[in-house]
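Accompanying notes for the structure given below.
In what follows, every chain begins at residue 1, and chains take the letters A, B, ... in the order their sequences are listed. From a predicted model like this one, the values you see are computed outputs, not experimental measurements. Keep in mind that the numbers below use all heavy atoms, side chains included, and drop hydrogens, waters and symmetry copies.
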Protein chains: 2
Amino acid sequence: MKTYAEAMDALGDPTRRRIFDRLAEGPASVGALADGMPVSRPAVSQHLRVLKDAGLVSDRQVGTRRVYAVDPAGVVALREYWDRFWSRAMDGFRVAAEEHASSRESGMQIKESSDGEGS
Amino acid sequence: MKTYAEAMDALGDPTRRRIFDRLAEGPASVGALADGMPVSRPAVSQHLRVLKDAGLVSDRQVGTRRVYAVDPAGVVALREYWDRFWSRAMDGFRVAAEEHASSRESGMQIKESSDGEGS
DNA sequence: CCTCTGCGTAAGTCTTCACTTACCGTAAGC
DNA sequence: GCTTACGGTAAGTGAAGACTTACGCAGAGG
């Protein structure tokens, strides 16, 4: 299974996010992607390779051109990961709020600066 | 605005993802986070700073300790960005499929290659 | 007072990686 | 056959950043 980690690493780069953003609006060839980008065409090629290895895009050959498009499978996997993460993060936040309240309640040594009470 | 880009960059690092994952299960102090991590405590501090600048975590002082927790605001912003991205990506995929079909129809040469994984 | 704990910060090192130019293979057109 | 588009790959370079150790500062407690 393509790890979500690879996808997150891939989208951690601004240029790759820009390329992926562009592909999200429709498939495009490498040259078309390189136009309107501040980097060279080989750079775009290398970024596309990373995105492809991460399972985020796929490519097909059309004549002499190579057309790239978003790979729905990778996007779905990433979205599922993010959904799990989302719920866990919300749980964690709830735990944080409860711990904050209970520790205050039980008289633990929490001298929150000189702020005193958090309203 | 700029938050989601910063958040994506922040989560592009494996160590920061690990820290954020840990915080998603509940708040923790810097020392507690550093324990069970393969990196030193200052490294964790620096990662926490990046996560905090990205709006993904918040901190409060408890005595001599500093307790970090996920910041729901940042998580919400990132999720909204992802939702928009998700729908755009799906649109792009539909466009790709349609273009693919039409080009096949017109008898063009097409060679597919996504990620070679036979069964 | 002094000490000890907990954490942030400074300074430096070293690895990663984004980008470049140059080159080579492949598909279409003459 | 040759030539011209298009794009992947190799090799090299420079900068970003992840990590370390050493140090400084604030709070809790004897």
Side-chain angles (χ1 to χ4, degrees), chain A residues 5-6 8-20 22-23 27-54 57-69 103 107-116, chain B residues 5-20 22-23 27-54 57-69 103 106-116:
Chain A
E6 228 175 328
M8 290 297 293
D9 282 345
L11 293 180
D13 181 71
T15 305
R16 278 195 290 269
R17 273 200 303 276
R18 188 165 170 178
I19 293 176
F20 196 42
R22 168 69 179 76
L23 286 180
S29 67
V30 178
L33 287 171
D35 282 350
M37 291 265 181
V39 297
S40 68
R41 182 193 52 75
V44 173
S45 257
Q46 293 164 4
H47 282 306
L48 285 170
R49 179 177 181 81
V50 175
L51 289 171
K52 182 178 172 184
D53 285 345
V57 304
S58 62
D59 64 318
R60 64 195 156 92
Q61 196 128 10
V62 179
T64 156
R65 276 189 284 275
R66 187 167 283 240
V67 176
Y68 282 82
S103 55
M108 284 176 67
Q109 304 113 343
I110 298 181
K111 265 198 275 189
E112 222 158 333
S113 296
S114 50
D115 192 328
Chain B
E6 230 174 323
M8 289 298 292
D9 282 345
L11 293 180
D13 180 72
T15 305
R16 277 194 293 269
R17 273 200 303 275
R18 189 164 169 179
I19 292 176
F20 196 42
R22 168 69 179 74
L23 286 179
S29 67
V30 179
L33 287 170
D35 281 350
M37 290 267 182
V39 297
S40 67
R41 183 192 52 75
V44 173
S45 257
Q46 292 163 5
H47 283 306
L48 284 170
R49 177 177 181 80
V50 175
L51 290 171
K52 183 178 174 184
D53 285 345
V57 304
S58 62
D59 63 320
R60 66 194 161 94
Q61 194 127 13
V62 179
T64 156
R65 277 188 279 278
R66 187 169 282 241
V67 176
Y68 282 83
S103 55
S106 58
M108 290 181 66
Q109 290 266 344
I110 293 174
K111 197 168 41 174
E112 285 244 23
S113 85
S114 173
D115 196 67

Checklist entry - A/Arg41 has an atom CZ; how far is it from atom P of C/dT20, in whole Å? => result 11 Å

Item to check | Side chain proximity check, A/Leu33 to A/Leu23, heavy atoms < 4.5 angstrom | outcome: yes

Checklist entry - So which nucleotide from D/dC6, C/dC7, C/dC19 ends up closest to the side chain of B/Ser29? => result C/dC7

Checklist outcome for this item: Tightest non-hydrogen contact, residues B/Val44 and B/Ala34, listed as CG2-CA, 3.9 Å

Checklist entry - In whole angstroms, how far is the C1' atom of D/dA16 from the CZ atom of A/Arg16? => result 14 Å

Item to check | Interatomic distance where CZ belongs to B/Arg17 and C1' belongs to D/dA18 [whole Å] | outcome: 14 Å

Checklist entry - Any sub-3.5 Å donor-acceptor pair from A/Arg66's side-chain atoms to A/Gln61's backbone N or O? => result no

Checklist entry - With a 3.5 Å cut-off and just heavy-atom distances, do the side chain of B/Arg66 and the base of D/dG27 make a donor-acceptor pair? => result no

Item to check | d(CG, B/Asp35; C1', C/dG6) in whole Å | outcome: 12 Å

Checklist entry - Is there a donor and acceptor pair closer than 3.5 Å between the side chain of B/Arg65 and the base of C/dG6? => result no

Checklist entry - Nearest-Å distance, CG (B/Leu33) to P (C/dC7)? => result 9 Å

Checklist entry - Does B/His47 have a side-chain nitrogen or oxygen under 4.0 Å from the phosphate oxygens OP1 or OP2 of D/dG17? => result no

Checklist entry - Any side-chain N or O of A/Ser45 under 4.0 Å from OP1/OP2 of D/dT9? => result no

Checklist entry - Just by distance, do the side chain of B/Arg17 and the backbone of B/Leu11 share a donor-acceptor pair under 3.5 Å? => result yes

Item to check | Euclidean distance, atom CD of residue A/Gln46 to atom C1' of C/dA22 [Å, nearest integer] | outcome: 13 Å

Checklist entry - Can you check whether A/Thr64 has a side-chain N or O nearer than 4.0 Å to OP1 or OP2 of D/dG7? => result no

Next on the checklist: What is the separation between atom CG on B/Asp59 and atom C1' on C/dG6, rounded to the nearest whole Å?
Outcome noted: 14 Å

Checklist entry - Has A/Tyr68 got a side-chain N or O lying under 4.0 Å from the OP1 or OP2 atom of D/dC6? => result no

Item to check | Closest nucleotide among C/dT5, C/dC19, D/dT21 to the B/Pro42 side chain | outcome: D/dT21

Item to check | Candidates D/dA5, D/dG8, D/dA18 - which lies nearest the side chain of B/Asp13 | outcome: D/dA18

Next on the checklist: Output the rounded distance in Å from CG (A/Asp53) to C1' (D/dT9).
Outcome noted: 14 Å

Checklist entry - Taking C-beta and beyond as the side chain, do A/Ser40 and A/Gln46 meet within less than 4.5 Å on heavy atoms? => result no

Item to check | Nearest listed nucleotide, side chain of A/Ser40, among C/dC7, C/dC19, C/dT20 | outcome: C/dT20

Checklist entry - Of A/Ala43 and B/Arg49, whose closest DNA chain C nucleotide lies nearer the 5' terminus? => result B/Arg49

